[in-house]
Structures are given as structure tokens and as C-alpha cells.
Q: 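Sharing a structure with you now.
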Amino acid sequence: MKSESNLSILLQSMEPEIDAEEYIFCSSAVCVQKSAASDVWAVITEAEGKTFILKKKNADENEIPYESVFKKITLNVYSSLTAVGLTAAVASALASYGISANVVAGYYHDHIFVQSEKSASAVKCLKELAASEASVSAAKQ
């Protein structure tokens, strides 16, 4: 699959999709010991230690402490890892709605973790951003 790097095309084509699961972030030895490796969605290594993203139900079942609950929104466009501006545009749009954006980029897609209770508003915001970019692009033609 060919990845896209044109920001206008990325924004118009992002098709945000919300995952039905809820996720948590944790960073502790308890998280590592109690969580099955197969249930960890991502691991981020930082100087202070590792951050794990896992399903909330796994955390609850294993009594893993966490602070906040998130929904994962996947942008269903094959974004290039060298594309410029997608994260900034998405984060800025969500910020205008008062929604924090915790972005994790994979090889094929960008994933935005937002507070669970704001997830529907986040998807609405992202769809509005896509439609707005499509209108601007059409006006230029």
C-alpha cells in the first residue's frame, strides 16, 4: 500500500473510526507484572520508564491502577511517517473543542486517544475538519 503525505488529501480522507473498547495508560511494575503481553496495545519507552496502553477491562480484571479512561480513534488513511502537519491539524481541531489528543503513530495509521466521555465529540470534530478541508480543496479547483 502506498502511504499518503499530502496534508490536504490526508485530512479529506482520514475517515476517523472509534474503537468500541476503552483503554488506559499505565507506567508501573504492577502494570507489567499483572498484564498479559497479548493484551498490551502499545509500549512506549521513555527515560523514566515504559508506558503501556492496554484495554481498560484488562486493567480492571488485573487490578492495575490508572488515572483516566480513553477511547481510540483510528484515522483510516494510510499516512506516511514523513507527512507534515497531520498531527498538528488534528490536535489543533480537537483543542478547539477542549479535547486532549494523545497521538500514537503506527506504520499505517495514526491513532488518537481521547477521553472516553468526549469521544463522540472528537469524531464529530474530525469529520468536520475533513469536510472543511474538502470544501477548501474544491474551491481551489
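Numbers here are sequence positions counted from 1.
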Q: Between Ser132 (side chain only) and Glu128 (backbone N and O only), is there a donor and an acceptor less than 3.5 Å apart?
A: no
Q: If we ignore hydrogens and angles and just use 3.5 Å, is the side chain of Ser96 paired with the main-chain N or O of Ala93 as donor and acceptor?
A: yes
Q: Applying the 4.5 Å side-chain criterion to the ILVMFWY set and letting contacts propagate, would Leu94 and Leu75 be lumped into a single cluster?
A: yes
Q: Return the minimal non-hydrogen interatomic distance between Thr45 and Lys50, and the atom names on each side.
A: OG1-NZ, 3.1 Å
Q: Strictly by salt bridge (charged side-chain N to carboxylate O under 4.0 Å, His left out), give each pair with a member in residues 13-26 just once, sequence neighbours left out.
A: Asp19-Lys72, Glu21-Lys57
Q: Which heavy atom of Ala101 sits nearest to which heavy atom of Ile112, and what is that distance?
A: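 In terms of heavy atoms, the two residues are closest at CB-CG2, 3.9 Å.
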Q: Between His111 (side chain) and Thr74 (backbone), is there a donor-acceptor pair under 3.5 Å?
A: no
Q: For Ala89 versus Leu11, what's the shortest heavy-atom pair and its separation?
A: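 Nearest pair, atom of Ala89 first, then Leu11: CB-CD2, 3.9 Å.
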Q: Is Lys71 reaching over with its side chain to a backbone N or O of Ala20, donor-acceptor style, under 3.5 angstrom?
A: yes
Q: Under a single-linkage definition using a 4.5 Å side-chain heavy-atom cutoff for Ile, Leu, Val, Met, Phe, Trp and Tyr, are Ile9 and Tyr78 assigned to the same hydrophobic cluster?
A: no
Q: When you compare the side chain of Ile73 with that of Leu126, does any pair of heavy atoms fall below 4.5 Å?
A: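 Yes, their side chains come closer than 4.5 Å.
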Q: Could you walk me through whether Val114 and Phe70 pass the side chain to side chain contact (heavy atoms under 4.5 Å, CB included) test, one step at a time?
A: CA-CA 5 Å; Val114 300; Phe70 300 89; 5.6 Å; no
Q: So, for Phe25 and Trp41, is the gap between ring centers shorter than 6.0 Å?
A: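 Aromatic pair excluded; centres sit 6.0 Å or further apart.
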Q: Quick check on the hydrophobic clustering: are Val103 and Leu7 connected, directly or via other members, by side-chain heavy-atom contacts under 4.5 Å?
A: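 Same cluster.
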Q: Give a yes-or-no answer on whether the side chains of Tyr108 and Asn76 include a donor-acceptor pair shorter than 3.5 Å.
A: no
Q: Under 4.5 Å between side-chain heavy atoms, counting indirect links through other Ile/Leu/Val/Met/Phe/Trp/Tyr residues: same cluster for Ile64 and Val43 or not?
A: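 Same cluster: Ile64 reaches Val43 through Ile, Leu, Val, Met, Phe, Trp or Tyr contacts under 4.5 Å.
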Q: Taking all non-hydrogen atoms of both residues, which atom of Ala83 and which atom of Leu10 are closest, and how far apart?
A: CB-CD1, 3.7 Å
Q: Between Gln12 (side chain only) and Ser8 (backbone N and O only), is there a donor and an acceptor less than 3.5 Å apart?
A: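 Present.
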Q: I would like to know whether Val104 and Ile53 meet side chain to side chain contact (heavy atoms under 4.5 Å, CB included); could you show each step before the answer?
A: CA-CA 10 Å; Val104 178; Ile53 303 173; 4.0 Å; yes
Q: Are the side chain of His109 and the backbone N or O of Ser79 linked by a donor-acceptor pair below 3.5 Å?
A: no
Q: As an exercise, state the distance from CD of Glu4 to OG of Ser80, rounded to the nearest 0.5 Å.
A: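 The distance works out to 8.5 Å.
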Q: In this structure, would Val123 and Tyr23 fall into the same cluster of hydrophobic residues linked by side-chain contacts under 4.5 Å?
A: no
Q: Does the side chain of Glu46 pick up a donor-acceptor pair with the side chain of Thr51 at under 3.5 Å?
A: yes
Q: Between Lys118 and Tyr97, is there a donor-acceptor pair closer than 3.5 Å when you use the side chain of the first and the backbone of the second?
A: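 No: the side chain of Lys118 does not pair with the backbone of Tyr97.
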Q: So, does Asn58 use its side chain to make a donor-acceptor pair with the main chain of Leu54 at under 3.5 Å?
A: no
Q: I need the minimum non-hydrogen distance between Ile24 and Ser68, along with the two atoms involved.
A: CG2-O, 3.6 Å
Q: Is a side-chain donor or acceptor of Gln115 paired with a backbone partner of Glu117 at a separation under 3.5 angstrom?
A: no
Q: Run the numbers on Met14 and Val90 for side chain to side chain contact (heavy atoms under 4.5 Å, CB included), then give the verdict.
A: CA-CA 10 Å; Met14 62 183 168; Val90 166; 4.3 Å; yes
Q: Decide yes or no for Val77 and Asp110: does some side-chain heavy atom of the first lie under 4.5 Å from some side-chain heavy atom of the second?
A: no
